[in-house]
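Have a look at the structure below before the remarks.
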Amino acid sequence: MLYDLFNYLDTRLNIPGTGVFHYISFRAMLALVFSLLLSTLTGRRIIDRLRRMQIRETFRDLGIEEQMKKKGTPTMGGIIILIAIIVPVLLFARLNNVYVIVMLLTTLWLGCLGFVDDYIKVFRRDKGGLRGRFKIFAQVGLGLIVGLTLFFSPEVVIRENMEVRTTEDTIEEVRHHSDHTKSAKTTIPFVKNNNFDYAWLAGWAGPYRTEATCLVFVLVVIFIVTAVSNGANLTDGLDGLAAGSSAIIGTVLGILAYTSSHIEFASFLNIMFIPRAEELVIFASAFIGATVGFLWYNSFPAQIFMGDTGSLTLGGIIAVFAILIRKELLIPVLCGIFVIESLSVVIQVTCFKCTKKKYGVGRRVFKMTPLHHHFQIPGRQPLTLMRRPRNAIPESKIVVRFWLIGILLAAITLITLKLR
């Protein structure tokens with residue numbers, strides 16, 4: 001919005017200084033600062049409003065004393081995050097950019113889904129919230145829209161990287177094809193020839209290879225969006241855990257978006273160049289500002305919880321963003337916290353069902369899942385394989401340790417750009 005205004009002032013009226021809006025770095029910093037201020041300054045009013053409306057979190061008794069102390073804390077704080085992301089993006093990004101449109105659609109789509117889930121929990125007193133099949137249906141619908149848009153939109157193109165080698169078989173330089181091409185390729189971490197084409201998975205289709213490639217690509221997008229969105233939702237169980245982890249991930253995604261959309265950085269790192277993806281840096285900056293600003297009220301002891309309105313949205317944003325910049329295969333590393341939390345639930349349920357069927361008594365691997373709750377349970381639990389730690393760890397310490405692991409995984413993700 002403001003980009004078009006300042007572009008008019010610069011090109012038509014020649015007003016000095018207005019051309020600064022052409023710089024991505026300038027608009028990204030504005031989006032970061034504005035988002036941070038918006039989330040912190042409006043957060044207090046929204047919290048007071050939610051308290052007056054008695055929109056409060058309800059907990060089932062997990063046997064964790066710290067959890068029960070939070071009963072009555074306002075929820076649906078994801079509204080703060082949504083506002084702090086959408087408003088700066090509308091102000092500072094180019095709204096005719098297909099990548100920005102897809103990210104705004106993702107934010108609104110999953111924000112509405114999470115809002116409905118929270119509404120059912122709070123106002124209808126149904127702790128189960130929205131039925132699982134309806135959540136999955138909505139997530140699949142979003143994945144379908146995103147996948148088809150990326151596959152068919154003429155604006156979603158790349159310029160593939162190619163290595164120029166000397167006679168000694170060493171890389172002299174990296175160049176990019178001069179023409180923009182439609183492609184279903186993505187980046188593979190840890191390998192030298194680091195471009196993977198989804199069309200390779202559709203070689204069996206013969207004359208229908210294009211259609212099969214589209215099907216494979218869309219199914220992959222649906223799986224990633226659903227998995228990461230639900231993973232973030234499971235991670236949102238301790239004060240500041242989901243918001244802090246998301247801020248770390250968002251920072252890395254912003255760096256990857258900038259390097260992928262800058263021809264010189266893309267050549268230096270030997271990755272594909274993605275034209276027009278630089279506007280995603282604006283979105284990433286707003287995302288970082290929103291999550292960090294939300295921590296002002298969500299850090300221990302939390303004054304507000306983000307609820308599914310925030311957690312489902314954060315996970316979906318991360319998933320779609322990674323897909324847009326062709327770095328979705330890095331998600332298991334970058335989003336390792338979400339992956340571990342999700343796997344802990346899968347392992348727990350599978351182990352319990354298998355042992356109950358075999359021995360008549362179900363056994364558990366962890367004291368409680370998702371994994372972050374395991375560290376809050378004191379003492380040894382019967383029929384539990386993993387009994388440490390023996391003493392409960394304070395919530396704030398668990399969160400900080402998870403953040404440190406997230407920072408380590410973020411560093412490894414960035415290292416993969418050169419470590420092949």
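Everything numeric in this text was worked out from a predicted model, so none of it was measured.
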Measure the spacing between [atom1] of [X] and [atom2] of [Y] and express it to the nearest 0.5 Å.
X    : Y    : atom1 : atom2 : answer
T235 : N230 : OG1   : CG    : 10.5 Å
L215 : T210 : CG    : OG1   : 12.5 Å
T259 : I274 : OG1   : CD1   : 8.5 Å
I347 : T369 : CD1   : OG1   : 10.0 Å
I288 : T291 : CD1   : OG1   : 7.0 Å

Side-chain donor-acceptor pairs of residues 323-341 under 3.5 Å, sequence neighbours excluded:
from	atom 1	to	atom 2	distance (Å)
R326	NH1	S183	O	3.0
R326	NH1	K185	O	2.8
K327	NZ	S260	OG	3.1
K327	NZ	I325	O	3.1
E328	OE1	T186	OG1	3.1
E328	OE2	T186	OG1	3.1
E328	OE2	Y198	OH	2.6
E341	OE1	L371	N	2.9
E341	OE1	H372	N	3.4
E341	OE1	H372	ND1	3.3
E341	OE2	H372	ND1	2.7

Once side chain to side chain donor-acceptor pair (under 3.5 Å) is applied, do any residues pair with [X], and if so which ones, sequence neighbours excluded?
X    : result
D236 : none
T107 : none
N7   : H22
S229 : Q139

Give me each pair satisfying salt bridge (charged side-chain N to carboxylate O under 4.0 Å, His left out) with a member in [range], each pair once, sequence neighbours excluded.
range            : answer
residues 262-276 : E155-R276
residues 133-146 : D117-K135, K135-D308
residues 212-224 : none
residues 35-44   : R44-D48

[X] (side chain) donor-acceptor with [Y] (main chain) under 3.5 angstrom:
X    : Y    : value
W403 : G240 : yes
S285 : L32  : no
K367 : P378 : no
R159 : P275 : no
S153 : L150 : no
E279 : Y99  : no

Are any non-hydrogen side-chain atoms of [X] and [Y] less than 4.5 angstrom apart?
X    : Y    : value
Y258 : S25  : no
R388 : R390 : yes
V218 : L148 : yes
S35  : V89  : no
D118 : F123 : no
L280 : M103 : yes
T416 : T187 : no
T106 : V102 : yes

With a cut-off of 6.0 Å (strictly less than), are more than 12 heavy atoms of other residues, nucleotides or ligands near [atom1] of [X]?
X    : atom1 : result
K397 : NZ    : no
N14  : CG    : yes
R209 : CZ    : yes
Y119 : OH    : no

Taking the inter-plane angle between the rings of H262 and F265 on a 0 to 90° scale, is it parallel (under 30°), tilted (30 to 60°) or perpendicular (over 60°)?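 Ring orientation, 0 to 90° scale: tilted.
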
Geometric class of the F151/F217 ring pair [parallel <30°, tilted 30-60°, perpendicular >60°]: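 Because their plane-to-plane angle lies in the 30° to 60° range, the rings of F217 and F151 count as tilted.
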
Do any pairs count as a ring-ring contact (aromatic ring centres under 6.0 Å, His included) and have a residue in residues 270-293, sequence neighbours left out, and if so which ones?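 Listed by first then second residue: nothing to list.
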
Tell me, with the steps shown, if T181 and E160 meet side-chain contact (heavy atoms from CB on, under 4.5 Å). CA-CA 8 Å; T181 58; E160 190 173 0; 5.6 Å; no

Where do [X] and [Y] come nearest, in terms of heavy atoms and distance?
X    : Y    : value
F300 : S396 : CD2-CB, 4.1 Å
N233 : S311 : ND2-OG, 2.7 Å
W109 : G141 : CZ2-C, 4.1 Å
P74  : L50  : CB-CB, 4.1 Å
F34  : P88  : CD2-CG, 3.7 Å
Q303 : W296 : OE1-O, 4.0 Å

Derivation of the side-chain contact (heavy atoms from CB on, under 4.5 Å) call for V156 and K182: CA-CA 7 Å; V156 180; K182 286 291 298 178; 4.0 Å; yes

Anything under 3.5 Å between a donor and an acceptor, one on a side chain of residues 245-257, the other on a protein residue two or more places apart or in another chain? List them.
from	atom 1	to	atom 2	distance (Å)
S245	OG	L241	O	2.8
S246	OG	A242	O	2.7
T251	OG1	A247	O	2.9

I would like to know whether I85 and I317 meet side-chain contact (heavy atoms from CB on, under 4.5 Å); could you show each step before the answer? CA-CA 11 Å; I85 291 175; I317 286 173; 3.9 Å; yes

Could you work out, with ring-ring contact (aromatic ring centres under 6.0 Å, His included) as the rule, every residue matching F26, not counting sequence neighbours?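 Partners of F26 by the ring-ring contact (aromatic ring centres under 6.0 Å, His included) criterion, ordered by chain and then number, come out as F21.
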
List the steps and the verdict of side-chain contact (heavy atoms from CB on, under 4.5 Å) for V122 and M53. CA-CA 10 Å; V122 173; M53 297 175 65; over 6 Å; no

From V100, L104, L2, residue fulfilling side-chain contact (heavy atoms from CB on, under 4.5 Å) relative to L90: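 Going through the options one by one, the only one that passes is L104.
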
Sole candidate of V87, L30, I24 that passes side-chain contact (heavy atoms from CB on, under 4.5 Å) when paired with F92: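 It is L30; the other options fail the test.
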
